[in-house]
Amino acid sequence: MQIINRPSEVSLICSHAKGTIGLVPTMGALHEGHLSLVRKAREMCDFVIVSDFVNPHQFGEGEDYDKYPRVPDKDAALCEKEGADILFAPSAADMYPRGFSTWVEVKGLTDILEGEIRPIHFRGVTTVCLKLFNITRCGKAFFGQKDFQQVCVIRKMTKELNLPLDIVRCPIVRDPDGLAKSSRNAYMTFGERERALCISRAMFAARRAVENGCRAVEEIEKTALEEIMKSRPVAVDYVTVRDPETLMPAENAAGSVLLAAVRYENVRLIDNILLY
Ligand code: PAF
């Protein structure tokens with residue numbers, strides 16, 4: 001595996017690569033969720049690139065850009081073990097040279113849910129992803145379902161800008177007790193982690209309710225919220241049942257997605273589950 005910092009060098013190698021190029025965009029601090037994406041890319045593509053870049057433009061003021069975990073050596077060892085061909089780790093100056101002023105925005109879909117609470121977040125995500133897609137010329141890009149809205153936004157951008165690539169959404173990877181894997185889980189105290197298990201319990205309870213025939217959106221949301229409130233969160237940003245493509249409020253729980261964002265003292269967690 002080669003570790004490359006310069007975008008132009010990655011572009012050059014990719015222009016000579018044979019077969020389908022698979023990209024796994026990450027911000028590093030890799031866990032089993034990311035590694036499942038690398039494995040999927042390895043399975044589906046001929047040449048696999050993992051990008052490791054903590055993108056400053058997707059963090060709002062007062063968010064955790066400075067304290068976001070950075071463990072480049074560990075990330076490199078994990079990518080090597082999973083058989084990635086390139087680990088692309090650019091600097092912020094290489095990705096956003098002085099005077100950078102071009103942004104990609106997906107309107108509407110980014111004004112709700114996460115976008116309502118983190119106003120500049122998705123503009124940063126779409127811009128960096130489009131740059132990564134262009135640098136690598138990937139035919140497939142792999143994203144985790146954990147960031148459900150992010151995948152919807154990237155898919156919409158890809159479709160509307162006629163980008164020649166497939167966006168592959170891979171299932172959430174959870175700890176054995178149900179907590180969805182996230183690099184931000186490292187911020188939690190032991191006590192918070194125990195309390196946060198209520199979120200995945202709420203997700204599974206919602207899925208069971210739909211499996212048992214419940215179709216009423218309000219009932220699913222009420223049950224999920226009650227479960228989450230047992231964990232004494234600092235705030236619940238949303239617990240909501242939505243259409244899995246448009247993210248508009250769902251009318252029928254079957255075929256929808258339940259999404260939640262919950263704050264504890266040291267962390268803000270998101271989770272979701274498809275209700276089929
Ligand atoms: O999901 C993430 O880790 C980031 O939002 C991404 C897609 C790597 C863009 O910086």
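In each ligand, atom 1 is the first atom listed, and ligand 1 is the first ligand listed. Heavy-atom basis, side chains included; hydrogens, waters and symmetry copies ignored.
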By number and element, which atoms of ligand 1 are closer than 4.0 Å to a non-hydrogen atom of [X]?
X	answer
Val128	9 (C), 10 (O)
Thr26	8 (C)
Phe143	7 (C)
Pro25	8 (C)

Item to check | Gln58 N/O to ligand 1 N/O under 3.5 Å | outcome: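 N/O-N/O distance under 3.5 Å: yes.
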Item to check | Close N or O approach (Gln150, ligand 1; < 3.5 Å) | outcome: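 Yes.
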If you compare all heavy atoms of [X] against all heavy atoms of [Y], which two are closest, and at what distance to 0.1 Å?
X	Y	result
Lys67	Asn266	NZ-O, 4.2 Å
Ile112	Arg242	CD1-NH1, 4.2 Å
Pro244	Phe148	O-CE2, 3.4 Å

Checklist entry - Would Leu163 and Leu130 satisfy side chain to side chain contact (heavy atoms under 4.5 Å, CB included), going step by step from the backbone distance to the final call? => result CA-CA 9 Å; Leu163 303 179; Leu130 183 56; 3.6 Å; yes
Next on the checklist: Any salt bridge linking Glu43 with Lys40? Criterion: basic side-chain nitrogen under 4.0 Å from a carboxylate oxygen.
Outcome noted: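 So Glu43 pairs with Lys40 through a salt bridge.
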Checklist entry - Would Lys230 and Glu227 pass as an ion pair if we require N to O under 4.0 Å? => result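 A salt bridge is present here (some side-chain N lies under 4.0 Å from a carboxylate O).
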Item to check | Residue, atom name and distance, where the atom is the protein heavy atom closest to atom 3 (O) of ligand 1 | outcome: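 In this structure, atom 3 (O) of ligand 1 has Met27 CG, 3.6 Å as its nearest protein heavy atom.
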